[in-house]
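Accompanying notes for the structure given below.
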Amino acid sequence: QVQLVESGGGLVQPGGSLTLSCVASGFTFSSRWMYWVRQAPGKGLEWLLAINTDGGSTYYADSAKDRFSVSRDNGQNTVFLSGNSLKAEDTALYYCATGEDGALSDWGQGTQVTVSS
């Protein structure tokens, strides 16, 4: 029943910016931490960001610091990922995820971000 649907990906120039959205349904959104994870071509999953239930606390992987931010709108059941100064190495499939007790048990289908000239 849990569904997470990412959108907003696409082609962006190096140095550009992009905002991704993830719309959630099938659970009480405001009771769950949300996460962003990405997977570059041929690579494993890389955790980027976490945000707590009310958005007051956020956590960043080293690879996400300075250039990425996460926010949420509990009224719209949506979590956002914003990136700027994007680099070629940011090219990846970006997923949002959630779960209970620290587990990332529910995942979206992903949205592709390609950073290229």
Side-chain angles (χ1 to χ4, degrees):
Q1 187 177 14
V2 172
Q3 286 196 322
L4 302 171
V5 182
E6 303 95 335
S7 63
L11 178 65
V12 61
Q13 297 284 324
S17 301
L18 203 64
T19 296
L20 308 180
S21 300
C22 174
V23 179
S25 61
F27 65 98
T28 303
F29 182 75
S30 60
S31 72
R32 297 277 194 93
W33 285 51
M34 299 297 296
Y35 307 83
W36 285 98
V37 182
R38 70 183 180 186
Q39 186 172 33
K43 303 296 180 65
L45 295 169
E46 178 188 21
W47 172 77
L48 290 178
L49 293 155
I51 186 167
N52 78 332
T53 54
D54 66 6
S57 297
T58 56
Y59 303 86
Y60 295 75
D62 287 343
S63 59
K65 290 180 178 179
D66 298 324
R67 299 189 299 111
F68 290 88
S69 64
V70 61
S71 60
R72 68 192 293 163
D73 185 339
N74 285 350
Q76 296 185 358
N77 286 5
T78 303
V79 62
F80 303 93
L81 171 65
S82 294
N84 57 54
S85 301
L86 294 173
K87 304 175 180 179
E89 53 262 44
D90 295 319
T91 295
L93 188 63
Y94 284 74
Y95 298 93
C96 66
T98 191
E100 294 181 291
D101 300 320
L104 276 65
S105 56
D106 300 300
W107 295 66
Q109 82 290 340
T111 185
Q112 178 68 40
V113 174
T114 301
V115 184
S116 177
S117 298

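Note that the structure is predicted; figures quoted are calculated from it, not measured.
- Criterion: ILVMFWY side-chain heavy atoms under 4.5 Å apart, direct or through other members. Under it, Leu49 and Phe29 are part of a common hydrophobic cluster.
- Rounding to the nearest 0.5 Å gives a distance of 6.0 Å between OG of Ser116 and CG of Leu11.
- Considering only heavy atoms from C-beta on, Trp36 comes within 4.5 Å of Val70 through its side chain.
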Identify every side-chain donor-acceptor pair in residues 59-66 under 3.5 Å, counting partners at least two apart or on other chains, and give the distances.
{"residue": "Asp62", "atom": "OD1", "partner": "Lys65", "partner atom": "NZ", "Å": "3.4"}
{"residue": "Ser63", "atom": "OG", "partner": "Glu46", "partner atom": "OE2", "Å": "2.8"}

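- Considering CE of Met34 and OG1 of Thr98, their distance stands at 4.5 Å, rounded to 0.5 Å.
- By the 4.5 Å heavy-atom criterion applied to side chains, Val113 and Leu20 are counted as neighbours.
- For residues 71-117, the pairs satisfying disulfide bond (SG atoms under 2.5 Å apart) are Cys22-Cys96, with sequence neighbours left out.
- Residue pairs satisfying the ring pair (Phe, Tyr, Trp, His ring centres under 6.0 Å) criterion with at least one member in residues 82-117, sequence neighbours excluded, are listed as follows: Tyr95-Trp107.
- For the pair Ser117 and Gln13, the minimum side-chain heavy-atom distance is below 4.5 Å.
- A search for side chain to side chain donor-acceptor pair (under 3.5 Å) contacts involving Asp73 returns nothing, not counting sequence neighbours.
- Judged by distance alone, with hydrogens and angles left aside, the side-chain atoms of Gln3 form no donor-acceptor pair with the main-chain N or O of Ala24 at under 3.5 Å.
- One hydrophobic cluster, built from ILVMFWY side chains closer than 4.5 Å, cannot hold both Leu48 and Leu45; they sit in different ones.
- When all heavy atoms of Asp106 and Arg32 are compared, the pair lying nearest together is OD2-NH1, 3.8 Å.
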With a cut-off of 3.5 Å and sequence neighbours excluded, list every side-chain donor-acceptor pair involving residues 79-91.
{"residue": "Ser82", "atom": "OG", "partner": "Thr19", "partner atom": "OG1", "Å": "3.1"}
{"residue": "Asp90", "atom": "OD1", "partner": "Arg38", "partner atom": "NH1", "Å": "2.9"}
{"residue": "Asp90", "atom": "OD1", "partner": "Arg67", "partner atom": "NH2", "Å": "3.1"}
{"residue": "Asp90", "atom": "OD2", "partner": "Arg67", "partner atom": "NH1", "Å": "2.7"}
{"residue": "Asp90", "atom": "OD2", "partner": "Arg67", "partner atom": "NH2", "Å": "3.4"}
{"residue": "Asp90", "atom": "OD2", "partner": "Lys87", "partner atom": "N", "Å": "2.8"}
{"residue": "Thr91", "atom": "OG1", "partner": "Ala88", "partner atom": "O", "Å": "3.0"}
{"residue": "Thr91", "atom": "OG1", "partner": "Val115", "partner atom": "N", "Å": "2.9"}
{"residue": "Thr91", "atom": "OG1", "partner": "Val115", "partner atom": "O", "Å": "3.4"}

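- With rounding to the nearest 0.5 angstrom, the CG atom of Asp54 is 8.0 Å from the CZ atom of Arg72.
- To the nearest 0.5 Å, atom CD of residue Glu100 and atom CH2 of residue Trp33 are 14.5 Å apart.
- Judged as a side chain to side chain donor-acceptor pair (under 3.5 Å), and not counting sequence neighbours, Thr53 has no contacts.
- Here CG of Leu104 is found 5.5 Å from OH of Tyr35. Values are rounded to the nearest 0.5 Å.
- No side-chain donor-acceptor contact under 3.5 Å links Asn74 to the backbone of Ser30.
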